[in-house]
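Report on the structure given below.
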Amino acid sequence: QKYLVESEGGLVQAGDSLRLSCAASGSIFSINVMGWYRQAPGKARELVADITRDGNTNYLDSVKGRFTISRDNVKNAVSLQMNSLNPEDTAVYYCKAEIKQTSRSYALNYWGQGTQVAVSS
């Protein structure tokens, strides 16, 4: 069994910072891409940022320069540092990881339980 456990989000004010963390555990051979998604009420889930095992990153345009994604391949963990938060960042944030259980298996997507981030103006 594999699962992703996310840290708690929170309620912050505009301009504040918040850091989200997520760790994968269970039977893991390797993890390819790890990332953070978010879903605001009434909107589709969107990719916020992701990072490859080699450290290549990709960001949603609206968070570039404010958010930074990082990962620890030894701990199978990924973090999202969010600075200069604004009300438009309010959403449930989900961690995702592409996990291979063995060297021969395909990588499957696993999701965290989601954590609420609310930014007040």
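What you see is a predicted model, and the numbers here were worked out from it, not measured in a lab.
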So, for [X] and [Y], which heavy atoms are closest and what is the spacing to 0.1 Å?
X	Y	result
A97	I31	CB-CG2, 4.0 Å
N32	A107	ND2-CB, 3.4 Å
K43	Q39	O-NE2, 3.1 Å
V117	G9	CG2-CA, 4.2 Å

What residues form a side chain to side chain donor-acceptor pair (under 3.5 Å) with R66, not counting sequence neighbours?
D89
Using side chain to side chain donor-acceptor pair (under 3.5 Å) as the criterion, list what pairs up with S17, not counting sequence neighbours.
N83
Only counting residues at least two apart or in another chain, list the ones meeting salt bridge (charged side-chain N to carboxylate O under 4.0 Å, His left out) with E46.
R38
Is there a side-chain contact between [X] and [Y] in this structure, where contact means two heavy atoms from C-beta onward sitting under 4.5 Å apart?
X	Y	value
R104	F29	no
R71	R53	yes
V78	I69	yes
N56	I51	no
M82	V48	no
Y3	S25	yes
D50	W36	no

Determine whether a donor-acceptor pair (N or O, by modelled atom type, separation under 3.5 Å) exists between the side chain of [X] and the backbone of [Y].
X	Y	result
E6	G114	yes
Q101	S105	no
S7	S21	yes

Does anything in residues 112-121 form a side-chain hydrogen bond (donor to acceptor under 3.5 Å, both in side chains)? List the pairs, not counting sequence neighbours.
none
Between [atom1] on residue [X] and [atom2] on residue [Y], distance to nearest 0.5 Å:
X	Y	atom1	atom2	answer
N76	M34	CG	CE	6.5 Å
L20	Y93	CG	OH	7.5 Å
Y110	I28	OH	CD1	9.0 Å
I99	L108	CD1	CG	8.5 Å

Give every residue pair that meets the salt bridge (charged side-chain N to carboxylate O under 4.0 Å, His left out) criterion with at least one member in residues 72-81, sequence neighbours excluded.
none
Can you name the side chain to side chain contact (heavy atoms under 4.5 Å, CB included) partners of K64, sequence neighbours left out?
Y59, D61
Residue list, side chain to side chain contact (heavy atoms under 4.5 Å, CB included) with S70, at least two apart or on another chain:
R19, S79
Quick one: which of V12, L18, D16 gives a side chain to side chain contact (heavy atoms under 4.5 Å, CB included) with V119?
V12
Among Ile, Leu, Val, Met, Phe, Trp and Tyr joined by side-chain contacts under 4.5 Å, find the other residues sharing a cluster with [X] and list them by chain and number.
X	value
W111	Y37, L47, V92, Y94
V33	none
L11	none

Sequence neighbours left out, what pairs pass disulfide (SG to SG under 2.5 Å) with at least one residue falling in residues 57-121?
C22-C95
